[in-house]
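Written out below as C-alpha cells is the structure these notes cover.
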Amino acid sequence: MTEQPAISTLTLRHRIPGDWAADPWAEVRPLVDGVDVLGQVHPAGLALSCRHWTGPAETWPLAVTEEPRRIMITEPVCTAGCCGALFVTMRREGGEVVWDSWENTSDMNALPGVIRFDAAQYEAELARAAADRGWEEPVDTVARLLEGALLDSGWFERWGCVVTAVWPSREEPDTPEELGGPGGVEVEFREIGAPGKRPRSYGYELPVTHDRPPEVQARRLAARILADDPRKGAEIREP
C-alpha cells in the first residue's frame, strides 16, 4: 500500500453492486483521499449496505467514539465465514479519527497502515452520505418510501402480521430494453403465529414505472396494500 498522508479525507460513495442479487441495496463505499483503498485490499468485498445508514448517527457503520470499535468494513457476497472479510478498528482521538489494526481474513494482500482523518470532516461526510438520495433509481425511492409507509401504519399488526422485508427488484442485467422492465419492489411479511405454530409468510411483487414520480407510486402502492387485510392478493410463500 502507498504511504498515507498525515491527515486523509474521507469520501463516501453509494454504488449499486454488480451482483445485486446478493444485496439489492446500494453499498456505501468509503474512499480515502479519492482512492478505493478497500478495493485494493479486498477486491471481492462489498461495503455495508445503505440499509445500515438509517437511524441515529451513533448506529451508522463508520460512527466512532473514543472507545475503539472493531468493525467488518467489507464482506463477500456469500458470508464472511465462507470467503473472509476485511476488518478495521476505528476510534476518535481528540480532533482526529483513526483507522488501524486492519485484518483481512480472506487472503494475505498487503494491508493499509494507520489512517487518520480530521474528525469534523469525517463526521460531516457521514452525515452527508446518510442523507444522500441522489444515487437512488426509481425502484430504490419507491422501496424506501413504501417501507416507511407500511411500517408507520401499524396496519399489519392489526391483522396479526409483521413486515419482514421490503427491497428494490432491479432489471436483470444485460437484458434488452424491449424484453426487460423498469423493475419493481418486493414486500415480504408473515403472520404472528401462536406458540408452537409455524407462521405463514406472504409476499407482493409490485411494479414500478418510469413515467410517474416515485413518490406518487409509493403512495398508491401503500394505499392498495393498506385498504384491506394485506394477506388478500398476496402470494403465499414458504417460511
Side-chain angles (χ1 to χ4, degrees), residues 12 14-17 19-28 46-61 126-173 175 177 179-194 197-239:
L12 297 173
H14 288 77
R15 186 181 74 174
I16 297 171
D19 186 6
W20 52 259
D23 187 339
W25 294 97
E27 60 175 331
V28 182
L46 297 178
L48 292 178
S49 160
C50 64
R51 300 286 290 162
H52 299 285
W53 287 84
T54 59
E58 59 268 21
T59 68
W60 297 341
L126 264 59
R128 183 205 63 78
D132 182 16
R133 302 285 181 252
W135 60 273
E136 290 185 343
E137 297 178 352
V139 290
D140 299 293
T141 306
V142 174
R144 173 174 56 83
L145 296 176
L146 179 59
E147 179 181 43
L150 298 182
L151 293 177
D152 291 344
S153 70
W155 187 250
F156 284 77
E157 289 77 6
R158 174 175 174 175
W159 297 94
C161 299
V162 61
V163 177
T164 53
V166 180
W167 69 91
S169 177
R170 304 185 188 281
E171 299 178 60
E172 290 293 335
T175 299
E177 183 175 353
L179 299 179
V185 173
E186 296 208 29
V187 177
E188 283 191 348
F189 63 100
R190 61 174 174 80
E191 294 175 331
I192 304 172
K197 179 182 178 181
R198 176 177 292 183
R200 179 173 288 179
S201 296
Y202 298 83
Y204 289 101
E205 295 182 4
L206 306 169
V208 172
T209 66
H210 290 305
D211 59 349
R212 293 181 180 177
E215 296 79 6
V216 172
Q217 297 187 65
R219 286 197 298 270
R220 291 184 176 179
L221 292 174
R224 166 186 161 186
I225 294 172
L226 301 177
D228 202 345
D229 182 339
R231 292 167 292 189
K232 291 183 177 179
E235 174 187 301
I236 298 176
R237 298 182 177 177
E238 291 297 325

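Quantities reported herein were computed from a predicted structural model and do not represent experimental measurements.
- Listed here is the closest heavy atom pair of Val142 and Gln217: CG2-CB, 4.2 Å.
- The two residues Ala149 and Ala222 make their nearest non-hydrogen contact at CB-CB, 4.0 Å.
- To the nearest 0.5 Å, the span separating CD on Glu136 from SG on Cys50 amounts to 7.5 Å.
- The CD atom of Glu27 lies 15.0 Å from the CH2 atom of Trp25; values are rounded to the nearest 0.5 Å.
- Residues Ser201 and Glu188 fail the side-chain proximity criterion, which asks for heavy atoms closer than 4.5 Å.
- Ala218 and Leu146 make their closest contact through O-CD1, 4.0 Å (heavy atoms, listed as atom of the first residue, atom of the second, distance).
- Side-chain contact check for Leu221 versus Tyr204: every heavy-atom pair is 4.5 Å or farther apart.
- Residues passing the side chain to side chain donor-acceptor pair (under 3.5 Å) test with Glu235 are Arg237, sequence neighbours excluded.
- The two atoms that bring Val185 and Ala143 nearest to each other are CG2-N, 3.7 Å, heavy atoms only.
- Separation of atoms CZ (Arg220) and CD1 (Ile225) is listed at 14.5 Å; rounding is to 0.5 Å.
- To the nearest 0.5 Å, atoms CZ (Arg231) and SG (Cys161) are separated by 4.5 Å.
- Taking the six-membered ring for Trp and thresholds of 30 and 60 degrees, Phe156 and Phe189 have ring planes more than 60 degrees apart, a perpendicular arrangement.
- Residue pairs meeting the side-chain hydrogen bond (donor to acceptor under 3.5 Å, both in side chains) criterion with at least one member in residues 157-167: none, sequence neighbours excluded.
- In this structure, Leu226 and Leu150 have side chains that are in contact, with non-hydrogen atoms separated by less than 4.5 Å.
- The two residues Pro17 and Leu46 come nearest to each other via the heavy atoms CB-CD2, 4.0 Å.
- For the atom pair CZ (Arg219) and CG (Leu145), the distance works out to 9.0 Å, reported to the nearest 0.5 Å.
- The line from CZ of Arg200 to CD1 of Ile236 is 4.5 Å long, rounded to the nearest 0.5 Å.
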Going through the distances and angles, do Arg170 and Asp140 end up as a salt bridge (charged side-chain N to carboxylate O under 4.0 Å, His left out)? CA-CA 9 Å; Arg170 304 185 188 281; Asp140 299 293; 2.5 Å; yes
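- Arg128 approaches Leu12 most closely through the heavy-atom pair NH2-O, 2.8 Å.
- Other residues, nucleotides and ligands place more than 12 heavy atoms under 6.0 Å from the CZ atom of Arg15.
- Using a distance-only test at 3.5 Å, with no hydrogens or angles considered, no donor-acceptor pair links the side chain of Glu186 to the main chain of Ser169.
- Residues passing the side chain to side chain donor-acceptor pair (under 3.5 Å) test with Arg190, sequence neighbours excluded: none.
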